[in-house]
Amino acid sequence: MPRTDAVLAEPRVAAAVARLGRDLVKRSVTAAQQRARLGEIAPDAVADAALAALPPSATSLRRVLNATGVLLHTNMGRAPLSAAAVDALAVAAGTCDVELDLASGGRGRRGAATVDALLAAVPGAGAAHLVNNGAAALALVATGLAAGREIVVARGELVEIGDGFRIPDLLVSTGARLREVGTTNRVHPRDYAEAIGPDTGLVLKVHPSNFTITGFTASVGVAELARIAGAHGVPVVADIGSGLLVPHPLLPDEPDAATTLAQGAHLVTASGDKLLGGPQAGLLLGGPGPGAELVAALRRHPLARALRVDKLTLAAVEATLTGPPTPTRAALDADPESLRRRARDLATQLGAAGVDAHAVDSVATVGGGGAPGVTLQSAAVSLPERFAAALRAGEPAVVGRLEHGRCLLDLRALPPGSDAALAAAVLAVGPAPRKG
Ligand SMILES: *Cc1c(COP(=O)(O)O)cnc(C)c1O
(Lines give C-alpha, C1' and ligand atoms only; values in the text may rest on other atoms or scores of the structure.)
Protein backbone atom coordinates (compact mmCIF):
# COMPACT_ATOMS: atom_id res chain seq x y z
CA MET A 1 0.00 0.00 0.00
CA PRO A 2 1.54 3.37 -0.98
CA ARG A 3 1.94 5.64 2.06
CA THR A 4 -0.31 8.67 2.29
CA ASP A 5 2.67 11.06 2.30
CA ALA A 6 4.06 9.44 -0.82
CA VAL A 7 0.75 9.72 -2.67
CA LEU A 8 0.30 13.35 -1.59
CA ALA A 9 3.80 14.15 -2.83
CA GLU A 10 3.11 12.85 -6.31
CA PRO A 11 3.10 15.92 -8.63
CA ARG A 12 -0.48 15.49 -9.91
CA VAL A 13 -1.77 15.00 -6.38
CA ALA A 14 0.33 17.90 -5.07
CA ALA A 15 -1.21 20.08 -7.79
CA ALA A 16 -4.66 19.01 -6.59
CA VAL A 17 -3.68 19.94 -3.01
CA ALA A 18 -2.64 23.39 -4.24
CA ARG A 19 -5.99 23.79 -6.00
CA LEU A 20 -8.44 22.15 -3.58
CA GLY A 21 -6.71 22.13 -0.18
CA ARG A 22 -4.98 19.34 1.71
CA ASP A 23 -7.91 18.04 3.76
CA LEU A 24 -10.14 17.36 0.81
CA VAL A 25 -7.41 15.60 -1.20
CA LYS A 26 -6.20 13.64 1.79
CA ARG A 27 -9.70 12.30 2.43
CA SER A 28 -9.85 11.16 -1.18
CA VAL A 29 -6.45 9.43 -0.86
CA THR A 30 -7.55 7.68 2.34
CA ALA A 31 -10.73 6.46 0.65
CA ALA A 32 -8.70 5.16 -2.33
CA GLN A 33 -6.29 3.35 0.01
CA GLN A 34 -9.29 1.73 1.69
CA ARG A 35 -10.55 0.54 -1.70
CA ALA A 36 -7.11 -0.93 -2.42
CA ARG A 37 -7.15 -2.76 0.93
CA LEU A 38 -10.53 -4.25 0.02
CA GLY A 39 -9.04 -5.39 -3.28
CA GLU A 40 -11.32 -3.17 -5.37
CA ILE A 41 -8.36 -1.44 -7.02
CA ALA A 42 -4.66 -2.25 -7.35
CA PRO A 43 -2.33 -0.54 -4.85
CA ASP A 44 -0.55 1.29 -7.66
CA ALA A 45 -3.88 2.76 -8.78
CA VAL A 46 -4.45 4.65 -5.50
CA ALA A 47 -3.28 8.03 -6.81
CA ASP A 48 -5.39 7.72 -9.97
CA ALA A 49 -8.47 6.68 -8.01
CA ALA A 50 -7.98 9.49 -5.49
CA LEU A 51 -7.66 12.05 -8.28
CA ALA A 52 -10.68 10.66 -10.15
CA ALA A 53 -12.86 10.98 -7.06
CA LEU A 54 -11.99 14.64 -6.46
CA PRO A 55 -14.66 17.28 -7.08
CA PRO A 56 -13.93 19.72 -9.94
CA SER A 57 -13.54 22.62 -7.51
CA ALA A 58 -13.44 23.37 -3.80
CA THR A 59 -17.15 24.15 -3.68
CA SER A 60 -19.60 21.37 -3.03
CA LEU A 61 -22.02 23.13 -5.36
CA ARG A 62 -22.34 21.25 -8.62
CA ARG A 63 -22.89 22.65 -12.06
CA VAL A 64 -26.39 21.91 -13.38
CA LEU A 65 -27.65 22.25 -16.93
CA ASN A 66 -31.17 23.60 -16.58
CA ALA A 67 -33.23 21.61 -19.09
CA THR A 68 -36.50 22.12 -17.20
CA GLY A 69 -37.82 24.83 -19.51
CA VAL A 70 -38.23 27.09 -16.46
CA LEU A 71 -36.02 30.10 -17.22
CA LEU A 72 -35.60 31.31 -13.66
CA HIS A 73 -35.46 28.27 -11.44
CA THR A 74 -35.18 29.24 -7.79
CA ASN A 75 -33.74 25.85 -6.83
CA MET A 76 -30.96 26.33 -9.40
CA GLY A 77 -29.94 29.81 -8.29
CA ARG A 78 -32.32 31.77 -10.53
CA ALA A 79 -30.54 33.70 -13.33
CA PRO A 80 -27.29 32.26 -14.69
CA LEU A 81 -24.70 35.05 -14.97
CA SER A 82 -23.43 36.33 -18.30
CA ALA A 83 -19.83 35.67 -19.26
CA ALA A 84 -19.27 39.42 -18.80
CA ALA A 85 -20.53 39.20 -15.21
CA VAL A 86 -18.38 36.14 -14.50
CA ASP A 87 -15.31 38.02 -15.80
CA ALA A 88 -16.21 40.97 -13.60
CA LEU A 89 -16.46 38.65 -10.58
CA ALA A 90 -12.93 37.45 -11.22
CA VAL A 91 -11.63 41.06 -11.25
CA ALA A 92 -13.50 41.97 -8.08
CA ALA A 93 -12.47 38.78 -6.31
CA GLY A 94 -8.97 40.10 -5.65
CA THR A 95 -8.08 43.45 -4.15
CA CYS A 96 -9.72 46.10 -6.28
CA ASP A 97 -10.60 49.81 -6.24
CA VAL A 98 -14.14 49.32 -4.93
CA GLU A 99 -13.78 52.27 -2.54
CA LEU A 100 -10.57 53.78 -3.80
CA ASP A 101 -10.01 56.67 -6.20
CA LEU A 102 -6.87 55.58 -7.99
CA ALA A 103 -6.33 59.05 -9.50
CA SER A 104 -6.10 60.86 -6.16
CA GLY A 105 -5.22 57.90 -3.97
CA GLY A 106 -8.08 58.92 -1.67
CA ARG A 107 -11.33 57.28 -0.83
CA GLY A 108 -13.74 56.67 -3.73
CA ARG A 109 -17.52 56.32 -3.68
CA ARG A 110 -18.37 52.66 -3.27
CA GLY A 111 -20.46 51.23 -6.08
CA ALA A 112 -20.68 54.52 -8.01
CA ALA A 113 -20.17 52.89 -11.42
CA THR A 114 -22.86 50.29 -10.72
CA VAL A 115 -25.36 52.95 -9.66
CA ASP A 116 -24.48 54.97 -12.78
CA ALA A 117 -25.05 51.89 -14.96
CA LEU A 118 -28.43 51.37 -13.30
CA LEU A 119 -29.42 55.01 -13.83
CA ALA A 120 -28.36 54.80 -17.47
CA ALA A 121 -30.46 51.64 -17.92
CA VAL A 122 -33.64 53.04 -16.36
CA PRO A 123 -34.93 56.16 -18.13
CA GLY A 124 -36.45 58.55 -15.62
CA ALA A 125 -34.67 57.20 -12.55
CA GLY A 126 -33.21 59.93 -10.36
CA ALA A 127 -31.32 57.79 -7.86
CA ALA A 128 -30.51 54.15 -7.24
CA HIS A 129 -29.16 51.99 -4.46
CA LEU A 130 -28.30 48.30 -4.22
CA VAL A 131 -28.94 45.91 -1.35
CA ASN A 132 -28.72 42.15 -0.91
CA ASN A 133 -32.01 41.11 -2.48
CA GLY A 134 -35.52 42.22 -3.22
CA ALA A 135 -36.64 41.41 0.31
CA ALA A 136 -33.83 43.57 1.71
CA ALA A 137 -34.92 46.49 -0.48
CA LEU A 138 -38.45 46.17 0.92
CA ALA A 139 -37.14 45.85 4.48
CA LEU A 140 -35.05 49.02 4.08
CA VAL A 141 -37.97 50.97 2.63
CA ALA A 142 -40.43 49.75 5.27
CA THR A 143 -37.99 50.46 8.11
CA GLY A 144 -36.95 53.85 6.82
CA LEU A 145 -40.38 55.14 5.86
CA ALA A 146 -42.93 53.28 7.96
CA ALA A 147 -41.45 51.82 11.18
CA GLY A 148 -44.04 52.51 13.88
CA ARG A 149 -46.45 53.73 11.22
CA GLU A 150 -48.77 52.21 8.62
CA ILE A 151 -48.21 50.66 5.22
CA VAL A 152 -51.33 50.76 3.10
CA VAL A 153 -51.47 47.68 0.88
CA ALA A 154 -54.15 45.76 -1.01
CA ARG A 155 -55.24 42.38 0.43
CA GLY A 156 -54.79 40.78 -2.99
CA GLU A 157 -51.12 41.76 -2.97
CA LEU A 158 -50.04 40.06 0.26
CA VAL A 159 -47.71 37.66 -1.50
CA GLU A 160 -45.89 34.56 -0.28
CA ILE A 161 -42.61 34.68 -2.21
CA GLY A 162 -41.50 31.07 -1.71
CA ASP A 163 -40.11 28.67 0.90
CA GLY A 164 -42.71 29.99 3.35
CA PHE A 165 -41.53 33.63 3.20
CA ARG A 166 -44.30 36.17 3.13
CA ILE A 167 -44.01 39.83 2.23
CA PRO A 168 -46.56 40.92 4.89
CA ASP A 169 -44.51 39.14 7.60
CA LEU A 170 -41.36 40.84 6.36
CA LEU A 171 -43.04 44.25 6.45
CA VAL A 172 -44.42 43.73 9.97
CA SER A 173 -41.02 42.55 11.20
CA THR A 174 -39.67 46.06 10.54
CA GLY A 175 -42.07 47.55 13.09
CA ALA A 176 -44.53 48.84 10.50
CA ARG A 177 -48.24 48.07 10.76
CA LEU A 178 -50.20 46.88 7.76
CA ARG A 179 -53.33 48.73 6.78
CA GLU A 180 -54.92 46.21 4.43
CA VAL A 181 -57.43 47.52 1.93
CA GLY A 182 -59.88 45.90 -0.47
CA THR A 183 -60.62 42.19 -0.73
CA THR A 184 -58.69 39.27 -2.20
CA ASN A 185 -60.00 39.95 -5.69
CA ARG A 186 -60.95 43.62 -5.74
CA VAL A 187 -59.64 46.94 -4.52
CA HIS A 188 -60.77 50.41 -5.52
CA PRO A 189 -59.27 53.92 -5.42
CA ARG A 190 -61.62 54.90 -2.60
CA ASP A 191 -60.30 52.04 -0.44
CA TYR A 192 -56.85 53.64 -0.56
CA ALA A 193 -58.19 57.17 -0.17
CA GLU A 194 -60.10 56.20 2.98
CA ALA A 195 -57.14 54.36 4.51
CA ILE A 196 -54.50 57.07 4.02
CA GLY A 197 -54.11 59.32 7.03
CA PRO A 198 -51.56 61.07 9.24
CA ASP A 199 -50.12 57.72 10.32
CA THR A 200 -49.48 56.44 6.81
CA GLY A 201 -45.77 55.88 6.11
CA LEU A 202 -46.20 54.66 2.56
CA VAL A 203 -48.58 53.10 0.08
CA LEU A 204 -47.23 49.83 -1.26
CA LYS A 205 -48.06 48.19 -4.57
CA VAL A 206 -46.78 44.60 -4.80
CA HIS A 207 -46.65 42.83 -8.15
CA PRO A 208 -48.28 39.38 -7.89
CA SER A 209 -45.21 37.87 -9.53
CA ASN A 210 -45.93 34.18 -8.95
CA PHE A 211 -49.70 33.87 -9.39
CA THR A 212 -52.58 35.37 -11.31
CA ILE A 213 -56.09 36.16 -10.18
CA THR A 214 -58.68 36.11 -12.93
CA GLY A 215 -62.41 36.61 -13.02
CA PHE A 216 -64.19 39.34 -11.05
CA THR A 217 -61.15 41.46 -10.25
CA ALA A 218 -60.19 45.11 -9.88
CA SER A 219 -56.98 46.76 -8.85
CA VAL A 220 -55.60 50.28 -8.72
CA GLY A 221 -52.68 51.16 -10.95
CA VAL A 222 -49.56 53.02 -9.86
CA ALA A 223 -50.58 56.25 -11.63
CA GLU A 224 -53.87 56.39 -9.73
CA LEU A 225 -52.15 55.49 -6.45
CA ALA A 226 -49.58 58.24 -7.01
CA ARG A 227 -52.41 60.73 -7.49
CA ILE A 228 -54.26 59.61 -4.36
CA ALA A 229 -51.21 59.29 -2.11
CA GLY A 230 -49.48 62.34 -3.57
CA ALA A 231 -52.39 64.52 -2.43
CA HIS A 232 -51.45 63.54 1.14
CA GLY A 233 -47.67 63.78 0.59
CA VAL A 234 -47.37 60.02 1.08
CA PRO A 235 -44.84 58.11 -1.05
CA VAL A 236 -45.92 55.25 -3.30
CA VAL A 237 -43.54 52.29 -3.37
CA ALA A 238 -43.89 49.66 -6.09
CA ASP A 239 -42.35 46.22 -5.57
CA ILE A 240 -42.17 45.07 -9.19
CA GLY A 241 -40.38 41.84 -8.30
CA SER A 242 -38.63 40.71 -11.44
CA GLY A 243 -36.20 43.54 -12.17
CA LEU A 244 -37.39 44.15 -15.71
CA LEU A 245 -35.99 47.65 -16.30
CA VAL A 246 -37.85 48.58 -19.48
CA PRO A 247 -40.86 46.90 -21.18
CA HIS A 248 -40.36 43.54 -22.92
CA PRO A 249 -42.65 42.71 -25.88
CA LEU A 250 -43.18 39.08 -24.79
CA LEU A 251 -44.15 40.12 -21.26
CA PRO A 252 -46.87 42.75 -21.67
CA ASP A 253 -48.25 42.25 -18.15
CA GLU A 254 -44.90 42.35 -16.38
CA PRO A 255 -44.27 45.74 -14.76
CA ASP A 256 -40.93 47.39 -15.55
CA ALA A 257 -39.00 49.94 -13.54
CA ALA A 258 -38.98 52.76 -16.12
CA THR A 259 -42.73 52.62 -16.76
CA THR A 260 -43.54 52.31 -13.06
CA LEU A 261 -41.45 55.39 -12.25
CA ALA A 262 -43.03 57.27 -15.18
CA GLN A 263 -46.44 56.42 -13.73
CA GLY A 264 -45.44 58.29 -10.60
CA ALA A 265 -44.08 55.69 -8.17
CA HIS A 266 -41.65 57.42 -5.82
CA LEU A 267 -39.68 54.24 -5.26
CA VAL A 268 -39.38 50.94 -7.12
CA THR A 269 -37.91 47.79 -5.57
CA ALA A 270 -36.88 44.69 -7.52
CA SER A 271 -34.62 41.65 -7.56
CA GLY A 272 -31.34 41.44 -9.47
CA ASP A 273 -31.45 37.72 -10.22
CA LYS A 274 -34.81 37.38 -11.94
CA LEU A 275 -35.54 38.92 -15.37
CA LEU A 276 -32.64 41.37 -15.01
CA GLY A 277 -30.45 38.28 -15.35
CA GLY A 278 -27.82 39.24 -12.77
CA PRO A 279 -26.62 38.08 -9.36
CA GLN A 280 -28.75 38.06 -6.23
CA ALA A 281 -29.28 41.73 -5.43
CA GLY A 282 -32.04 44.14 -4.50
CA LEU A 283 -32.58 47.25 -6.58
CA LEU A 284 -33.96 50.42 -5.06
CA LEU A 285 -34.79 53.06 -7.66
CA GLY A 286 -36.17 56.53 -7.05
CA GLY A 287 -38.02 58.75 -9.48
CA PRO A 288 -36.73 62.25 -10.03
CA GLY A 289 -37.24 64.73 -7.18
CA PRO A 290 -38.82 63.35 -4.01
CA GLY A 291 -38.10 59.73 -4.96
CA ALA A 292 -34.41 60.46 -5.39
CA GLU A 293 -34.35 62.21 -2.00
CA LEU A 294 -35.92 59.14 -0.39
CA VAL A 295 -33.23 56.91 -1.93
CA ALA A 296 -30.52 59.26 -0.64
CA ALA A 297 -32.00 59.12 2.87
CA LEU A 298 -32.42 55.34 2.81
CA ARG A 299 -28.83 54.88 1.65
CA ARG A 300 -27.72 56.62 4.88
CA HIS A 301 -30.12 54.67 7.15
CA PRO A 302 -28.26 52.55 9.73
CA LEU A 303 -29.94 49.41 8.43
CA ALA A 304 -28.47 50.07 4.95
CA ARG A 305 -25.07 49.01 6.24
CA ALA A 306 -26.42 45.61 7.27
CA LEU A 307 -27.95 45.12 3.83
CA ARG A 308 -24.90 46.38 1.90
CA VAL A 309 -23.84 44.39 -1.15
CA ASP A 310 -20.29 43.17 -1.51
CA LYS A 311 -17.80 44.06 -4.24
CA LEU A 312 -18.67 40.85 -6.11
CA THR A 313 -22.30 41.86 -6.44
CA LEU A 314 -21.40 45.41 -7.46
CA ALA A 315 -19.11 44.10 -10.18
CA ALA A 316 -21.55 41.49 -11.47
CA VAL A 317 -24.53 43.85 -11.53
CA GLU A 318 -22.52 46.49 -13.42
CA ALA A 319 -21.40 43.93 -16.01
CA THR A 320 -24.93 42.55 -16.28
CA LEU A 321 -26.19 46.03 -17.09
CA THR A 322 -23.43 47.17 -19.45
CA GLY A 323 -22.43 43.86 -21.04
CA PRO A 324 -24.02 41.86 -23.86
CA PRO A 325 -27.54 40.41 -23.43
CA THR A 326 -27.71 38.10 -20.43
CA PRO A 327 -28.39 34.36 -20.77
CA THR A 328 -31.85 35.06 -19.29
CA ARG A 329 -32.57 37.65 -21.95
CA ALA A 330 -31.23 35.35 -24.70
CA ALA A 331 -33.43 32.51 -23.42
CA LEU A 332 -36.46 34.78 -23.35
CA ASP A 333 -35.80 36.03 -26.87
CA ALA A 334 -34.79 32.66 -28.40
CA ASP A 335 -36.72 31.98 -31.58
CA PRO A 336 -38.81 28.77 -31.39
CA GLU A 337 -37.66 27.62 -34.83
CA SER A 338 -34.00 27.71 -33.78
CA LEU A 339 -34.91 25.76 -30.62
CA ARG A 340 -36.63 23.13 -32.79
CA ARG A 341 -33.59 22.90 -35.02
CA ARG A 342 -31.34 22.36 -32.00
CA ALA A 343 -33.68 19.67 -30.67
CA ARG A 344 -33.70 17.89 -34.04
CA ASP A 345 -29.90 18.02 -34.32
CA LEU A 346 -29.47 16.65 -30.82
CA ALA A 347 -32.05 13.90 -31.36
CA THR A 348 -30.33 12.88 -34.60
CA GLN A 349 -26.91 12.79 -32.93
CA LEU A 350 -28.22 10.78 -29.94
CA GLY A 351 -30.27 8.48 -32.15
CA ALA A 352 -27.16 7.65 -34.18
CA ALA A 353 -25.56 6.48 -30.92
CA GLY A 354 -28.50 4.19 -30.20
CA VAL A 355 -30.37 6.42 -27.72
CA ASP A 356 -34.17 6.44 -27.98
CA ALA A 357 -34.36 10.21 -28.52
CA HIS A 358 -36.69 12.39 -30.55
CA ALA A 359 -37.39 16.09 -30.88
CA VAL A 360 -40.72 17.34 -29.57
CA ASP A 361 -42.43 20.71 -29.20
CA SER A 362 -42.52 21.92 -25.63
CA VAL A 363 -43.80 24.78 -23.51
CA ALA A 364 -41.41 26.77 -21.34
CA THR A 365 -42.18 29.30 -18.60
CA VAL A 366 -40.40 32.22 -16.98
CA GLY A 367 -40.71 30.71 -13.53
CA GLY A 368 -41.22 32.02 -10.00
CA GLY A 369 -39.13 35.04 -10.94
CA GLY A 370 -41.92 36.67 -12.87
CA ALA A 371 -44.49 36.64 -15.65
CA PRO A 372 -46.92 34.11 -14.15
CA GLY A 373 -49.15 32.53 -16.75
CA VAL A 374 -46.84 33.44 -19.65
CA THR A 375 -45.91 30.45 -21.80
CA LEU A 376 -43.06 30.38 -24.29
CA GLN A 377 -42.99 28.05 -27.29
CA SER A 378 -40.04 25.76 -26.95
CA ALA A 379 -38.53 22.49 -28.11
CA ALA A 380 -37.15 19.52 -26.23
CA VAL A 381 -35.35 16.24 -26.68
CA SER A 382 -37.59 13.43 -25.41
CA LEU A 383 -35.81 10.50 -23.73
CA PRO A 384 -36.95 7.41 -21.81
CA GLU A 385 -37.91 8.28 -18.24
CA ARG A 386 -34.96 6.41 -16.69
CA PHE A 387 -32.62 9.13 -18.00
CA ALA A 388 -33.98 11.64 -15.50
CA ALA A 389 -32.27 10.22 -12.40
CA ALA A 390 -29.12 9.18 -14.25
CA LEU A 391 -28.68 12.66 -15.76
CA ARG A 392 -29.09 14.28 -12.35
CA ALA A 393 -26.19 12.13 -11.09
CA GLY A 394 -23.87 13.16 -13.92
CA GLU A 395 -21.15 15.81 -14.09
CA PRO A 396 -22.41 18.34 -14.97
CA ALA A 397 -25.80 17.30 -13.65
CA VAL A 398 -28.69 17.73 -16.08
CA VAL A 399 -32.19 18.39 -14.78
CA GLY A 400 -35.01 17.84 -17.23
CA ARG A 401 -38.77 17.62 -16.85
CA LEU A 402 -40.92 14.47 -16.60
CA GLU A 403 -43.96 14.50 -18.84
CA HIS A 404 -46.19 11.57 -19.84
CA GLY A 405 -43.57 9.00 -18.82
CA ARG A 406 -40.75 10.66 -20.79
CA CYS A 407 -37.79 12.72 -19.69
CA LEU A 408 -37.88 15.99 -21.64
CA LEU A 409 -34.75 18.09 -22.02
CA ASP A 410 -36.16 21.53 -22.84
CA LEU A 411 -33.69 23.79 -24.66
CA ARG A 412 -35.25 27.21 -23.95
CA ALA A 413 -33.25 27.90 -20.78
CA LEU A 414 -30.00 26.53 -22.20
CA PRO A 415 -27.67 28.58 -24.40
CA PRO A 416 -26.86 26.94 -27.78
CA GLY A 417 -23.26 26.59 -26.58
CA SER A 418 -24.31 23.99 -24.04
CA ASP A 419 -25.76 21.51 -26.56
CA ALA A 420 -22.47 19.61 -26.86
CA ALA A 421 -22.30 19.20 -23.07
CA LEU A 422 -25.94 18.13 -23.03
CA ALA A 423 -25.32 15.47 -25.69
CA ALA A 424 -22.21 14.25 -23.87
CA ALA A 425 -24.19 13.94 -20.63
CA VAL A 426 -26.88 11.85 -22.33
CA LEU A 427 -24.29 9.68 -24.09
CA ALA A 428 -22.52 9.13 -20.76
CA VAL A 429 -25.74 7.57 -19.45
CA GLY A 430 -25.73 5.38 -22.57
CA PRO A 431 -28.33 3.79 -24.80
CA ALA A 432 -29.01 0.57 -22.85
CA PRO A 433 -30.76 0.46 -19.45
CA ARG A 434 -28.19 0.26 -16.70
CA LYS A 435 -28.23 -2.89 -14.61
CA GLY A 436 -29.04 -2.62 -10.91
C1 LIG B 1 -39.09 37.71 -5.84
C2 LIG B 1 -39.89 38.78 -5.22
C3 LIG B 1 -39.52 39.34 -4.00
C4 LIG B 1 -38.34 38.87 -3.24
O5 LIG B 1 -37.16 39.18 -3.88
P6 LIG B 1 -35.81 38.41 -3.45
O7 LIG B 1 -34.79 38.99 -4.37
O8 LIG B 1 -36.05 36.96 -3.66
O9 LIG B 1 -35.56 38.74 -2.04
C10 LIG B 1 -40.30 40.34 -3.48
N11 LIG B 1 -41.40 40.77 -4.14
C12 LIG B 1 -41.79 40.25 -5.31
C13 LIG B 1 -43.01 40.78 -5.97
C14 LIG B 1 -41.05 39.24 -5.90
O15 LIG B 1 -41.43 38.73 -7.07
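Ligands are counted one by one from 1 in listed order, and the atoms in each one are counted from 1 as well.
- A salt bridge between Arg227 and Glu224 is present, with a side-chain N of the basic residue lying under 4.0 Å from a carboxylate O of the acidic one.
- Taking the side-chain hydrogen bond (donor to acceptor under 3.5 Å, both in side chains) definition, one finds that Asp419 meets it with Arg342, sequence neighbours left out.
- Remark: ligand 1 and Leu138 share no N or O pair separated by less than 3.5 Å (distance only, no angle test).
- A salt bridge links Arg340 with Asp361; the closest basic N to acidic carboxylate O contact falls under 4.0 Å.
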Next item on the list: Could you check Val236 against Leu202 for side chain to side chain contact (heavy atoms under 4.5 Å, CB included), going step by step and ending with a plain yes or no?
Entry: CA-CA 6 Å; Val236 172; Leu202 63 99; over 6 Å; no
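- Salt bridge present: Asp356 and Arg406 bring a charged side-chain N and a carboxylate O closer than 4.0 Å.
- Under the side-chain hydrogen bond (donor to acceptor under 3.5 Å, both in side chains) criterion, no residue pair touches residues 282-302, with sequence neighbours excluded.
- At under 3.5 Å, not a single nitrogen or oxygen of His207, backbone or side chain, sits near a nitrogen or oxygen of ligand 1.
- Only the side chain of Ile167 comes within 4.0 Å of ligand 1, judged by heavy-atom distances.
- Side-chain contact check for Asp410 and Ser362: at least one donor-acceptor pair (N or O, by modelled atom type) lies under 3.5 Å.
- Distances below 4.0 Å separate heavy atoms of Gly134 from the following atoms of ligand 1: 5 (O), 6 (P), 7 (O), 9 (O).
- Of the N or O atoms in Ala135, one or more lie within a sub-3.5 Å distance of an N or O in ligand 1.
- Neither the backbone nor the side chain of Glu157 comes within contact range of ligand 1; no heavy atom lies under 4.0 Å.
- Salt-bridge annotation for Asp23 and Arg27: absent, with no side-chain N of the basic residue lying under 4.0 Å from a carboxylate O of the acidic one.
- For Thr348 and Asp345, the side-chain atoms include no donor-acceptor pair closer than 3.5 Å.
- Under a 4.0 Å criterion applied to the non-hydrogen atoms of Ser209, ligand 1 contributes the atoms 12 (C), 13 (C), 14 (C), 15 (O).
- Each of the atoms 12 (C), 13 (C), 14 (C), 15 (O) of ligand 1 lies under 4.0 Å from some heavy atom of Gly241.
- Considering backbone and side-chain N/O atoms, Asp273 never comes within less than 3.5 Å of an N/O atom of ligand 1.
- For Gln280, the closest heavy-atom approach to ligand 1 does not fall below 4.0 Å.
- Remark: ligand 1 atoms within the under-4.0 Å shell around heavy atoms of Ile161 are 1 (C), 2 (C), 3 (C), 4 (C).
- Residue Ser271 approaches ligand 1 through these ligand atoms, each under 4.0 Å from one of its heavy atoms: 1 (C), 5 (O), 6 (P), 7 (O).
- Polar contact with ligand 1: present for Lys274 (N/O pair, distance under 3.5 Å).
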